[in-house]
K.L.:
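Before I ask anything, here is the structure I am working with.
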Amino acid sequence: MSVSVENLSYSYGPGSGGIEDITLSIEPGEFCAVIGPSGCGKSTLLRLISGFLTPNRGTIRIGGDLMGNRPPRQRDLGVVFQSYALFPHMTALDNVAYPLKLRGIGKIERRRQAAETLERTGLSGFTDRLPAELSGGQQQRVALARALVFQPRALLLDEPLSALDALHRAAMRDEIRAVQRAHGIATLHVTHDQEEALSIADKVAVMRDGRLLQVATPTEIYDRPVNRFVAGFVGTANLLDGVVRGPGHVETPIGLLECRPSGLADGSRVTVCFRPETLQLLTPDIAPTGPNQFAGHILRDRFLGSIRRFDFAVTGGVLLAETSHRDAIAGLGIPPDTIRLIRAD
Amino acid sequence: MPVVMAVYLAYLAAPMALLLIGSFGGSWTNTLLPTGFTFRWYAEIWADPSFRRAFTVSLIVCASTCVSATLIGVPFAYAIYRAAQRQIRIAVRILYLLPIAAPAIVLGFGFILVFSSEELPFLGATWLLVAGHLVLTLPYLVQTLLGDIRHLDLDRLEDAAESLGAGFTSRFFDVVLPSLRHSLTSGLVMVAAQSIGEFQLSNLVSGFLSRPYPVVLLQAFYGASGFACAGTMVLLVLAIVAGVGSASAGGAARMTA
């Protein structure tokens with residue numbers, strides 16, 4: 001079923017945050033990740049949808065039904081909490097069977113369904129363990145199974161991977177995605193990890209200071225950020241202040257850059273955005289003579305294994321670039337069609 | 001450090017050891033240790049109807065106190081935890097800690113004044129004794145429970161239960177109560193020990209037929225010292241039985257949860 005919120009606002013009190021006029025919808029089977037820095041209101045949004053907070057304004061619909069003041073227990077949503085919140089006195093199986101018990105399903109049937117769901121999340125051998133006897137990743141799976149076993153109308157994930165180490169996080173990410181696909185359930189995933197959001201979601205929503213800045217597919221968000229904040233928050237980016245100088249040119253502190261005609265008026269103030277991995281490398285034997293090519297030197301070099309990320313000083317500024325190339329670099333070129341101009345706020 | 005520890009333990013154990021020895025001693029007058037060996041004193045206590053009655057009264061009062069402390073203490077601790085306003089929480093804390101601060105004798109005189117009136121002529125009733133013990137022991141139980149609730153992060157567990165479809169009753173019985181089983185057990189051990197050993201209040205408010213063991217025991221000290229020793233040993237055993245009993249009752253609650 002779908003989840004949609006319209007003009008949703010909530011305030012914790014003057015000056016202490018909340019969200020402002022959020023409109024967002026998640027279609028059946030769609031996976032939507034909400035990202036933003038801490039305090040941006042993403043967890044508030046989740047608590048509003050799940051019913052733990054009541055909005056000041058706006059509406060929440062789940063499967064078309066208006067939620068109003070309906071308490072969380074009547075919303076039929078599977079929620080996975082940041083610290084899993086497994087019941088410490090119940091075994092994995094009892095934890096998963098609990099929502100079925102609340103729905104009046106008989107003991108034998110609910111244990112059968114719980115075992116089946118646990119099996120689907122890869123935990124068949126651990127049904128009789130208490131949460132304290134399970135690893136972080138296993139607890140995560142139990143929490144996911146518990147949130148899905150009663151066929152909820154939507155799944156809400158509140159930073160579910162933040163307690164796991166990097167290795168398990170990547171694996172769990174794929175697993176959550178697979179389980180979500182198998183259930184075909186509308187999912188809202190709140191995270192501060194932009195890489196996690198890009199890799200897992202069909203749709204990414206970026207929030208800041210209680211407002212929704214952009215909602216789009218991961219590639220769209222990355223390739224066509226609507227403003228400087230989104231460009232900088234999602235992935236890494238070179239962001240320069242610029243002024244449009246005729247169609248196809250922009251003036252920046254590092255010089256006049258050639259770019260695709262933007263349609264922006266001459267003299268408009270813009271943010272010039274280009275991604276580090278799109279930069280073209282110039283080895284010492286190639287003279288930087290083409291358009292958008294700059295000579296310079298490496299300021300800081302970071303070898304990260306699969307890539308090498310370096311700060312490159314050119315006249316007027318420092319550019320961030322990424323490459324798998326290991327040799328000396330004497331210059332950088334910025335391919336004109338990778339440059340995106342964002343109207344300054 | 002070990003020396004200090006040994007001295008302390010000796011200091012702690014010596015009176016009990018002496019009591020144990022004395023309770024089996026034939027005669028004990030003006031010597032360091034008694035002479036002879038006998039089971040006579042225990043037999044005399046067993047034969048004494050007032051001691052037997054007191055023994056039963058103490059067990060009944062203790063069990064009733066534990067049950068009522070649980071029935072009142074658990075919801076009470078939960079309500080304090082849930083109280084929205086900080087000021088209310090602090091006020092209630094001060095209020096329920098008062099019985100610890102006030103001497104039991106003050107409470108006892110209060111009971112006498114109120115319950116020997118014509119309108120409320122209940123002085124001497126066993127249930128009144130239970131009520132008194134409840135007032136004295138409840139702070140210990142509530143304090144233990146509150147400490148546990150705070151570190152359990154009960155809020156999050158209840159949120160999870162709520163999101164899974166649990167209303168208040170289900171949350172309370174399926175999540176809150178089982179989560180509190182450990183602190184309930186340790187709190188009840190304290191309640192039981194306090195109730196069994198309580199003398200001040202019991203001495204003032206118990207009736208002739210509802211005297212708990214410590215009150216009757218005092219009279220033993222006017223007689224033979226062997227008899228007094230044996231009587232005290234029985235109290236010690238009673239306290240241990242009560243402690244183990246309440247702990248296993250808490251454990252049983254855990255099993256059924």
Side-chain angles (χ1 to χ4, degrees), chain A residues 43 46-47 49-53 62 70-91 94-105 110 114 117 130-132 139 142-160 163, chain B residues 70 73-75 77-78 81-87 144-189 247-257:
Chain A
S43 294
L46 187 133
R47 289 187 71 78
I49 295 175
S50 52
F52 291 110
L53 294 175
I62 294 165
R70 204 186 282 191
R73 64 177 176 279
Q74 288 166 12
R75 295 197 178 195
D76 226 16
L77 297 171
V79 185
V80 176
F81 294 83
Q82 198 165 358
S83 57
Y84 317 138
L86 296 177
F87 305 126
H89 57 282
M90 294 186 196
T91 62
D94 288 338
N95 262 284
V96 178
Y98 186 62
L100 301 175
K101 181 183 170 190
L102 292 170
R103 282 160 181 77
I105 293 169
R110 68 176 185 249
T117 311
L130 290 172
Q139 291 186 36
V142 176
L144 193 61
R146 187 178 67 176
L148 286 168
V149 71
F150 57 97
Q151 313 281 331
R153 306 208 279 179
L155 183 63
L156 307 178
L157 309 169
D158 185 8
E159 305 236 6
Chain B
T70 304
V74 173
Y78 183 73
Y81 171 71
R82 277 271 165 259
Q85 283 173 332
R86 213 178 120 72
Q87 293 94 315
T144 314
L145 288 171
L146 272 180
D148 204 31
I149 288 180
R150 270 189 217 104
H151 97 213
L152 270 174
D153 203 3
L154 212 51
D155 267 338
R156 196 164 282 278
L157 294 181
E158 277 196 82
D159 277 0
E162 163 89 39
S163 80
L164 296 171
F168 175 77
T169 318
S170 302
R171 290 205 306 273
F172 190 77
F173 286 101
D174 295 340
V175 176
V176 177
L177 267 190
S179 299
L180 291 179
R181 63 204 193 276
H182 295 294
S183 50
L184 183 60
T185 305
S186 50
L188 280 183
V189 170
S248 58
R254 184 183 322 171
M255 287 303 171
T256 55

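Per chain, numbering begins at 1; letters A, B, ... match sequence-line order.
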K.L.:
Can a salt bridge be assigned to the pair D159(B) and R73(A) using a cut-off of 4.0 Å between side-chain N and carboxylate O?
P.N.:
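No.
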K.L.:
Please classify the contact of P71(A) with chain B as side chain, backbone, both or neither, using a heavy-atom distance under 4.5 Å.
P.N.:
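Both the backbone and the side chain of P71(A) come within 4.5 Å of chain B.
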K.L.:
At a heavy-atom distance under 4.5 Å, which candidate from A161(B), A166(B), S170(B), S179(B) has the highest pair count against chain A?
P.N.:
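Most heavy-atom pairs under 4.5 Å with chain A: A166(B).
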K.L.:
Using a cut-off of under 4.5 Å on heavy-atom pairs, state which of Q74(A), R146(A), R75(A) scores highest against chain B.
P.N.:
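Ranked by heavy-atom pairs under 4.5 Å with chain B, first place is R146(A).
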K.L.:
For the CG atom of L157(B) and the OH atom of Y84(A), what is their distance to the nearest 0.5 Å?
P.N.:
14.5 Å
K.L.:
Please state whether the side chain, the backbone, both or neither of L77(A) comes within less than 4.5 Å of a heavy atom of chain B.
P.N.:
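Contact with chain B involves the backbone of L77(A) alone.
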K.L.:
Tell me, for L86(A) versus chain B, whether the close heavy atoms (under 4.5 Å) come from the side chain, the backbone, both or neither.
P.N.:
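Backbone of L86(A) only, per the 4.5 Å heavy-atom cut-off to chain B.
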K.L.:
Considering non-hydrogen atoms only, spot the tightest contact between D174(B) and M90(A) and give its length.
P.N.:
O-CE, 3.8 Å
K.L.:
Tell me the closest heavy-atom pair linking F81(A) and A160(B), and the distance in Å.
P.N.:
CE1-CA, 3.4 Å
K.L.:
I'd like to check S163(B) versus L156(A) (side-chain heavy atoms, cut-off strictly below 4.5 Å). Are they in contact?
P.N.:
no
K.L.:
Is it the backbone or the side chain of R103(A) that comes under 4.5 Å from a heavy atom of chain B, or both, or neither?
P.N.:
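Contact with chain B is through the side chain of R103(A) alone.
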